[in-house]
Amino acid sequence: MSQKTDADRIQEIYRLAKAHFGDVQFVGVKYHNKIGWIAKAQLGESFENLTADGETSTEALKKLRSRVKKIIKRYNAV
């Protein structure tokens, strides 16, 4: 079994967001000097950006995925 890469995680976040929110402009990760790694999902015009930070790029992406899943779960519960 191969290990997941950050690219795999980004694609999974993109698929989740695309299926739920519809319009996804950008999903990625970058390094900021003072904060550390930041994972960001830039959604369509009707939604704002979702971000999560972590000590590693993988940790930031996992937190962002968790955040997207929580939003979807909360939306489906209403």
Side-chain angles (χ1 to χ4, degrees):
M1 186 162 118
S2 64
Q3 197 163 356
K4 271 189 181 179
T5 63
D6 284 351
D8 296 332
R9 289 183 174 89
I10 289 171
Q11 287 177 339
E12 183 180 358
I13 292 167
Y14 181 86
R15 281 192 302 270
L16 279 171
K18 182 84 171 164
H20 183 71
F21 299 109
D23 188 20
V24 179
Q25 295 178 351
F26 170 82
V27 175
V29 65
K30 68 179 182 175
Y31 185 76
H32 190 282
N33 287 339
K34 295 181 181 179
I35 300 170
W37 287 97
I38 300 173
K40 179 178 179 181
Q42 188 171 345
L43 306 175
E45 295 176 17
S46 58
F47 298 101
E48 57 188 56
N49 301 330
L50 299 174
T51 60
D53 59 87
E55 292 184 17
T56 65
S57 58
T58 302
E59 181 182 332
L61 287 167
K62 284 181 178 180
K63 286 182 179 180
L64 180 61
R65 179 179 171 268
S66 173
R67 188 162 179 211
V68 169
K69 285 188 126 186
K70 281 182 186 177
I71 290 170
I72 292 170
K73 186 176 180 181
R74 193 177 316 137
Y75 177 84
N76 289 335
V78 172

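All values below were derived from every heavy atom in this structure, side-chain atoms included, with hydrogens, water molecules and symmetry-related copies excluded. Starting from 1, each residue takes its place in the sequence as its number.
Between the CH2 atom of Trp37 and the CD atom of Glu59 there is a distance of 12.5 Å, given to the nearest 0.5 Å. Interatomic distance, CD of Gln42 versus CG of Asn49, reported as 4.5 Å (0.5 Å rounding). In this structure, CG on Asp53 lies 10.5 Å from CG on Leu64, to the nearest 0.5 angstrom.
At least one side-chain heavy atom of Leu50 sits under 4.5 Å from a side-chain heavy atom of Ile71.
The only member of Val24, Val27, Val29 that meets side-chain contact (heavy atoms from CB on, under 4.5 Å) when paired with Ile13 is Val27.
Contact detail for Ala39 and Ala60: the closest heavy-atom pair is CB-O, 3.5 Å.
Residues Ile35 and Tyr31 do not share a hydrophobic cluster, defined by chaining ILVMFWY side chains whose heavy atoms lie under 4.5 Å apart. Leu43 and Ile38 sit in two unconnected hydrophobic clusters of ILVMFWY residues. Membership requires side-chain heavy atoms under 4.5 Å apart, directly or through other members.
Within a 6.0 Å radius of NZ in Lys63, other residues, nucleotides and ligands contribute more than 12 heavy atoms.
Counting only residues at least two apart or in different chains, side chain to side chain donor-acceptor pair (under 3.5 Å) contacts with residues 5-21 comprise Lys4-Glu12, Thr5-Asp8, Asp6-Ser57, Asp6-Thr58, Glu12-Arg65. Listed by first and then second residue, the side chain to side chain donor-acceptor pair (under 3.5 Å) pairs involving residues 68-78 amount to none (not counting sequence neighbours).
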